[in-house]
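The basis for the numbers below is simple: all heavy atoms, side chains too, and nothing from hydrogens, waters or symmetry mates. In what follows, chains are A, B, ... by sequence order, proteins preceding strands, each numbered from 1.
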Amino acid sequence: MNFDLTEEQRVFRQMVREFAEREIAPTVEALDEKGEFPYEAQTKMAELGLFGLPIDEEYGGSGADLVTYAIGVEEVSRASASLGITMAAHTSLGCMPIHFYGSEEQKQNWLVPMAQGEKLGAFGLTESEAGSDAGGTKTSAILKNGEWVINGTKCFITNSGTDITLLVTITAVTGSIGGKKEVSNIIVPAGAPGFTVAPPYRKMGWHSSDTHELAFSDCRVPESNLLGGRGDGFKQFLKVLDCGRIGVAALSVGMAQACLDESVKYAKQRVQFGHPIGKNQAISFKCADMLVDVELARMATLKAACMADAGVNYSREASIAKLFASEAAMRAASEAVQIHGGYGYIEDYPVCRIFRDSKILEIGEGTSEVQRIVLSRSLGL
Amino acid sequence: MNIVVCVKQVPDTSDPDTEVHIDGTGRGVDQSKFSFVINDADNYAVEEAILLKEKHGGEVTVVNIGGEAANQVIRMALAKGGDGAVRLDDESFVYSDVVATARLLKSAIKDLGCDLVLTGCMASDDGYGAVGIALAQMLEVPHAAYVKTVEVVDDKKLKVGRELEGGLLEMNEIEMPCLLAIQTGGNEPRYASFKGIREASKKEIKVMDLAATGLSADEVGESGSVAVMTQYSVPEVGDLAEMIEGDPAETSAKLANILKEKGLV
C-alpha cells in the first residue's frame, strides 16, 4: 500500500495551487459580489488543460487519471468554490456522459470542444418534482419524423446558460415498457428551437457559478442526439453521478482546507486577553478537529478516485467520500466562522463566503440523505 | 541558441506568517514545516530561456544542485518547455559557498556547449546574489546582472537591459557565450499545462555525484569554500525603541511631546 502521489501528480498540484493563488484568488471576492461568471479564469484554465482533465487526448482532453482530476478540483476550490463547481460539473456531468456513452460522431461534434474547454457542458436531471427520486421525471421526448420533441422543465442546472455553453444532456421519458417509464438521455444543444434558459437563480452561495431553470416547449432536436441506447437513461446517469461524487468530494476537501488555512492564520493573529486566541484550547482544538476532517476527507476522495482509475467498482467509495467530505466542509465552515467571531460574519473575510458556499455540498449530486440510502443499501439493509 | 538555466529550490516564504527556526546544528534552519518552490528570480530566468527558445530555436537545459526532492522544481521547468536537466547531488556538496557552488555548476555546464547561461540574480533563502557572477568568472565568459530585458542582436550578440535604482534600464550589448543573472519582473512566468507536465515526466534528469563532476572532495562543500558559514543567530531585540501605550488620545499626546522635546517639530 502506498499513499504517495506520483511525481507528476505532485508537480500538477503545485502548478494548480500557484495558478489558483495568483490568478483566481485575487478575483474571487469581486466576482462573487457581482454574481459574475469567471470567464477570464476559465479561459486560462482551459489553456492549461484543466477543463478536460480525465477525457482522452484523442477527444481534446488531457488524458489524466481521476486522482489528478480530484487534485485539480481540490486546489481550484481552495481558492474559489464557484470555479470548482464550474470545472467539476463541466467535467463530470457535461463531458463524462458523452465520453462514456457517445457515438464517435457525437464525441467529435460535442466532446472535443468541451474537453478543450472552449465550450461548457451541463447535465439536466433534476426537475421540480424529481430530484432525489429521479423516477419522478416528467420531461418527455416523443420521436416524430426523425426528431425528438421535448416538453418539460429542469431545475438547478449548472453551466447551462453561460456565453460558452454548448449543450445540456437531459433525462427524458421516451416511452414506457411494461408500465414502467422508459428514460433516455438526449443531447440538447444551446439555442435549439423551443429551448429556453431562465434568468440565473439568486443563490445562497456559489454566486459566480452559472445555474438556471431550463424550459423545453416543443423543443426539437435530431433523432441522432439520443445518447447511447434508448431506455438506458437511468443506468447511464447512475454511473455519471458516481464520477460526479468524486468531483463534489474533491470540491469539499478544497473548501475545508481553505477553512483550516484561514482559521489557523486568524487564530495566530487575533489577540484577546493578551495572547493569540489560538493559544486557547477552545480554539486550537477546533483547528485540530478541522485538520482531521480535511485529511480523512482527502483520503476518502483520493481512494475513490484511485479505485476508479484501477477500473474496479467505486460506487460505494464515491458515496462515502461525497458524504463525509461535504459534511466535513460544512463543519469546517461553521467552525471557521465561529473562530473568526463577528469578522467571520462579514464579507471582508473569506470564511463568510465559504460558509455560504458550503451548504450546497450536502445537497448537490445526491443529498447526504441519499448517500446514506445508497450506503445502507450496500450493507444489504 | 542553446541555453542553460540554473534553478534552486528554496523554502516558500511568500506567506508573511512563515516561521523560520534555527535547527539543532545552529548552521541550518528547521525545514520540516516548509513547502518548497523554485527561487523567484530563477522562475523568471526559466521563462526568459523558454521565450528565447521559442523565438530562436535551440535547447534549454535545466541545472540544479539538490536532492531528489528538487526534482519537483526541475520537472516544472521541463514542463514549461525545458528539454533536459542535470541535477548535482552528493552529500559532499552540503555547505558549499558561492565559489564551491559555482564550481559545481561549471562542472555540469562546461561540456554542454551552450551559448547562454541564465541564473536568477539572487536566491531568496541565502540572498548571496553572487553565484551567477562567480560562475561567469569560472566559465570565462562575460556577464550582466539584474537583467530585465534580453534581445537577440545577431547570432553572436545580445542586447540586455539591466535594472538600476529608480527603475532605470541600462542597455548593454554583450557577446555570446555569456551569462545573464535575471531580475524578477521582466516577463510573466507561465504556468505549466497538464500536457507539459506529462511530457516532462518522460524527460531525462541526469544525476551527477562527486565522481561525475570530476572535482575532488576538497573543491566542494565546506572544504572547497572560501567563506564558511559558522552559525545562524536571531538578532537580539534592542531597547532603543519606546513602545507608547494607551488610547489614541493619550498616545498621540505622548508622541507629540517626544517630538517637541527632541526639537523635531
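- Of the N and O atoms on the side chains of A:Tyr69 and A:Ser62, not one donor lies less than 3.5 Å from an acceptor on the other residue.
- For B:Lys195, the NZ atom counts as densely surrounded, since its 6.0 Å shell holds more than 12 non-hydrogen atoms of other residues, nucleotides or ligands.
- Only the side chain of B:Glu19 comes within contact range of chain A, with heavy atoms under 4.5 Å apart.
- Heavy atoms of A:Leu53 lying under 4.5 Å from chain B belong exclusively to its side chain.
- Heavy-atom distances place no part of A:Thr6 under 4.5 Å from chain B, backbone and side chain included.
- Contact annotation for A:Glu7: only side-chain heavy atoms (C-beta onward) come within less than 4.5 Å of a heavy atom of chain B.
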- Could you go through the salt bridge (charged side-chain N to carboxylate O under 4.0 Å, His left out) check for A:Glu40 and A:Lys44 one step at a time? CA-CA 6 Å; A:Glu40 203 182 323; A:Lys44 288 181 188 168; 3.7 Å; yes
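- In summary, the side chains of B:Asn43 and B:Glu47 do not present any donor paired with an acceptor at a separation below 3.5 Å, with no hydrogens or angles considered.
- There is no contact between B:Arg190 and chain A, counting heavy-atom distances below 4.5 Å.
- The aromatic rings of A:Tyr266 and A:Tyr349 stand perpendicular to each other, their planes meeting at an angle above 60°, with 30° marking the opposite boundary.
- B:Asn39 CG to B:Met122 CE: the interatomic distance, rounded to the nearest 0.5 Å, is 9.5 Å.
- Residue with the most contacts toward chain B among A:Glu23, A:Glu21, A:Gln269, A:Lys268: A:Glu23 (heavy-atom pairs, distance under 4.5 Å).
- Looking at A:Glu57, only its side chain comes within 4.5 Å of chain B, counting heavy atoms on both sides.
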